[in-house]
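Okay, so here's the structure we're looking at.
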Amino acid sequence: MSGVDTPGMIVVGASLAGLHGAEALRLNGYRGRITIVGDEPHRPYDRPPLSKHVLSGELAADATELPQRADLDARWMLGQAVIGLDRHAHTIGLADGAVLAYDKLLVTTGARARPWPVESGGTLGNIFTLRGRDDAARLRAALVAGPSRILIVGAGLIGCEAASCCRSLGLPVTLIDPNLTPLARSLGTWVGGVIADCLKDAGVTYRPNAQVLRFEGDATGRVVRAHLADEHVVEADLVIVALGAVRETGWLKAAGLMADASGLTCDAACRTLDADGAPCPDIYAAGDVARWPISLYGDRLISVEHWGNAVAQGGHAARNMLAPADDQRPYDHLPAFWSSQFGINIKAVGLSEGADTVAIVHGSRASRRFLAVYGREGRSISAVSFDQARWLPAYAEAIRIGGAFPPIRDASDQDRIVSGLPGFPPPRRVSGSQVSGSQVSGSHVSRSDEARHA
Amino acid sequence: MTLVPQTIDDAEVPLRVVVDLNRCQGYAQCCFAAPGVFDVRGHEILFYDPAPPRARRGEIERAVHACPVRAIRMQAEPGVTQ
Ligand SMILES: Cc1cc2nc3c(=O)[nH]c(=O)nc-3n(C[C@H](O)[C@H](O)[C@H](O)COP(=O)(O)OP(=O)(O)OC[C@H]3O[C@@H](n4cnc5c(N)ncnc54)[C@H](O)[C@@H]3O)c2cc1C
Ligand code: SF4
């Protein structure tokens, strides 16, 4: 496997998880061939700044190329989409007809922004989604052109970050979401209410419990207004659709793997599963595209669409790719993310899904500086900090060991712990064609998945 | 087929910096070491330039070492990734 004349390792998807996977192959001593294929024409770059400093104009869209190990010694094939996988022949097919053989494959094709449906106005001009740096460059140019009103559909992390940027540029913004508050799916409405207050102070018009049915264009085909389910109309000449992401698994359709629009299913060791649920010893997956049983939360199948997971899982999968079959270590991950919006640094650890209580253990919601812990059946399952990051590691530890809720009471600076119902919207049905077998109850930890129009 | 050479050897090419903001605690040691590259905004939002000019290399190396949680990564040139 490590000989130079063997096909070597192929990484499909040249971004965060793919780069970290390739680097980890080298770090773990692999000296054979590494080929990294990516359909974007760019070297791996960082996405988090796109919805923050790139939209605000502080960074250029092409400024975020990621550092990489100098000894990576990989063959880069960029601007090349992979369109098929033949597991039995051990080959992948490229859009230009080329066929590449592999010894082992790492799938890191991530996800793409969920587009607005064509039949309800999706092809009108000045409607944007945000996933890659080219999207960010286009959207930034449209913001600079000075739209008279921006409509953002979906108050998830990306929708809220975009709203924050647009307001910092002084542009009028309406933000629409089917839930009572922003970030309702990731943080619940109790904590989301703090962001609702921030939106109000920043001059964003927030329309809760609302759904866009369709967009209408003018004679030139540019969007001019949105029609809502409650029959209201919102005038807007620029729309940002922030409705979450669809996993990039279309190229695996005929591969006989457990894959659909919600992810590519893996076992705990990051090995992909075939249609019968058996692990493929030579095909691994990591990052946004992967869905795997998370031991900390009862082996529930999840995908984690956050930066830290792409880095850690890419590295872990690479380590297992080099290890013998009897030493495939399970991926043990505590999900985490950060966001910054309206001048607040938000950081979270753990999965809050299923929480029955949330308690403020430091600070207060009124001051917008606090640390909240989410509990379920007397155990701490997740925590979020608003401008209180220094407290978070201690709680992360408590969550990792399934500690009591609320945790480390003595360390709290509160006289009285304020708690409430977290206010999570009812779970959504998993979208896309279902995977075969019984493992369909996957959930997502998504960045911008709040609103659905259908 | 596009085969992109992978060396960074041009003096015009910027450095590459990324900070793991899950790890970062916002204590701002990096801002003292490399004030033109790192900046804490509000209470604890770390803003940084991911593509700083090569002339900043020494400062950023100091920031990499000053960071108590080793959250900063820089690529200066082939053979040196911190
Ligand atoms: C705007 C934005 C802001 C974000 N902000 C934060 C944040 O603040 N904090 C946080 O924790 N996370 C954030 N994230 C999430 C984080 O960036 C992702 O979790 C991370 O990028 C996932 O990395 P990945 O490598 O798995 O997938 P991706 O980064 O999606 O990369 C997948 C790559 O594979 C390529 N590809 C897909 N299909 C094919 C194919 N068939 N052939 C070849 N190549 C293919 C894609 O074009 C892409 O380049 C943000 C994401 C976005 C989009
Ligand atoms: S020194 Fe490290 S932890 Fe402190 S602000 Fe800079 S990157 Fe963050």
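Chain naming here is simple, since letters A, B, ... match the order of the sequence lines and numbering starts at 1 in each. What you see is a predicted model; the values in this text were computed from it and never measured.
The nearest pair of heavy atoms linking B/Met74 to A/Pro67 is C-CB, 4.2 Å. Counting all heavy atoms, side chain and backbone alike, A/Trp307 lies closest to B/Val18 at CZ2-CG2, 4.0 Å. Taking each heavy atom of B/Gln25 and A/Ala389 in turn, the nearest pair found is OE1-O, 3.3 Å.
Of the two parts of A/Pro393, only the side chain, counted from C-beta on, holds a non-hydrogen atom closer than 4.5 Å to a non-hydrogen atom of chain B. Residue A/Ile346 does not touch chain B at all, counting heavy-atom pairs closer than 4.5 Å.
In this structure, the separation between NE2 on A/His306 and CG on B/Asn22 is 9.0 Å, given to the nearest 0.5 Å.
Of the listed residues (A/Thr64, A/Leu59, A/Asp46), the one with the most heavy-atom contacts under 4.5 Å to chain B is A/Leu59. Per-residue heavy-atom pair counts under 4.5 Å with chain B were compared for A/Arg369, A/Arg390, A/Glu58, and the maximum is reached by A/Arg369.
B/Arg23 is linked by a salt bridge (charged side-chain N to carboxylate O under 4.0 Å, His left out) to B/Asp20, counting only residues two or more places apart in sequence or in another chain. Remark: A/His316 engages A/Tyr331 in a ring-ring contact (aromatic ring centres under 6.0 Å, His included) (not counting sequence neighbours). Looking at residues two or more places apart in sequence or on another chain, you find a salt bridge (charged side-chain N to carboxylate O under 4.0 Å, His left out) between B/Arg56 and B/Glu59.
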| When you look at B/Arg73 and A/Arg69, which way does the side chain to side chain contact (heavy atoms under 4.5 Å, CB included) test go after all the steps? | CA-CA 10 Å; B/Arg73 194 172 161 191; A/Arg69 291 179 63 89; 3.8 Å; yes

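For residues 37-52 of chain B, heavy-atom neighbours of chain A at less than 4.5 Å comprise B/Arg41, B/His43, B/Glu44, B/Ile45, B/Phe47, B/Tyr48, B/Asp49, B/Pro50, B/Ala51, sorted by residue number.
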